[in-house]
Asks: 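Please see the structure below; I have some questions.
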Amino acid sequence: MKLCRFDDNRLGRVDGQKVRDISAALDALPEMRWPVPPGDQVISNLDMLQPEIENLTTHAPVLDLAAVKLLSPVANPSKIIGAPINYPAHIDEAIADPDLKQDRTIKTIADWGLFLKATSSLVGASEGIALRFLDRRNDHELEFAVVIGKPGTNIAESDALDHVAGYSMGFDMTLRGPELLSWRKSIESYAVLGPWLVTADEMPDPSDIEFKLTVNGEVRQHASTKSLGWNVPKLISYASTHYTLHPGDIILTGSPEGVAPVDPGDVMVAEAAGIGRMEVAIRAA
Ligand code: MN
């Protein structure tokens with residue numbers, strides 16, 4: 001199932017070039033009082049919502065996909081986790097490019113650990129990216145994205161995929177410079193998740209998912225998750241050695257090679273096998 005959030009927080013089920021408005025399923029969500037539990041309530045309750053979604057699908061209002069405004073399919077992640085340099089070819093280009101390398105010694109995930117992007121940086125495909133600090137280099141990083149479905153900490157690699165709600169694509173937009181990752185990568189709109197969430201039952205094996213980015217029609221990034229240094233189960237397990245993972249938490253699994261600058265006016269098109277296509281426009285903030 002492909003689940004999207006669209007327009008003014010409607011819940012949709014994507015079917016080809018159509019979106020079925022299944023927002024009525026949200027009525028089944030538990031009512032909440034402060035303090036609300038961490039995580040995203042749609043993702044937390046996905047199993048419970050599933051039969052309601054199936055019931056609604058047949059009679060749900062149908063809209064054209066092209067006419068809806070796609071928001072991040074996860075509304076309330078407790079964390080956006082990033083994996084630094086997780087493709088061998090991207091490590092090579094980072095070492096070769098002084099803008100990427102800065103004054104750092106390029107090390108591995110085992111040396112650096114993972115990093116966090118502010119949840120306030122998250123937008124959906126149709127919201128686009130508003131670049132700041134135009135006198136500096138702002139790069140695209142298209143990444144395969146994992147959305148956690150079940151809470152856990154110290155999760156074994158062998159159990160890790162049981163903790164996944166689904167998959168999506170993410171942009172880990174990056175301002176280049178000497179500051180810490182969580183500062184440069186957390187600018188408003190510098191995290192994009194979309195175009196929707198593909199539930200894990202539809203993508204049981206994330207180990208060879210091909211994805212591609214074009215900017216203004218030119219291919220910039222093209223890779224498969226089979227080239228990940230640390231694969232999806234290993235990243236989930238490793239993240240949970242420090243963090244408790246909550247439903248809706250997003251793991252951006254790292255950028256393949258081809259990282260390059262974007263400017264206001266550029267249009268990025270990301271495509272991934274089994275997920276779909278999303279168009280993200282770049283503007284000046
Ligand atoms: Mn990245």
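When a ligand or atom number is given, it counts from 1 through the structure's own listing order.
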Asks: Taking all atoms of both residues into account, what is the closest heavy-atom pair of S186 and A118, and its distance?
Replies: OG-N, 2.8 Å
Asks: Under the side chain to side chain contact (heavy atoms under 4.5 Å, CB included) test against I282, which residue among L131, D263, V267, N138 passes?
Replies: L131
Asks: Sequence neighbours left out, what passes side chain to side chain donor-acceptor pair (under 3.5 Å) with R20? Give chain and number order.
Replies: D15
Asks: Take the Mn ion (ligand 1) and tell me which protein N, O or S atoms are nearer than 2.8 Å.
Replies: E141 OE1, E143 OE2, D172 OD2
Asks: Mind telling me whether F211 and Y87 have parallel, tilted or perpendicular rings, with 30° and 60° as the class edges?
Replies: perpendicular
Asks: For S227, what residues pass the side chain to side chain donor-acceptor pair (under 3.5 Å) criterion, not counting sequence neighbours?
Replies: none
Asks: Output all residues satisfying side chain to side chain donor-acceptor pair (under 3.5 Å) with E210, sequence neighbours left out; order by chain, then residue number.
Replies: H222
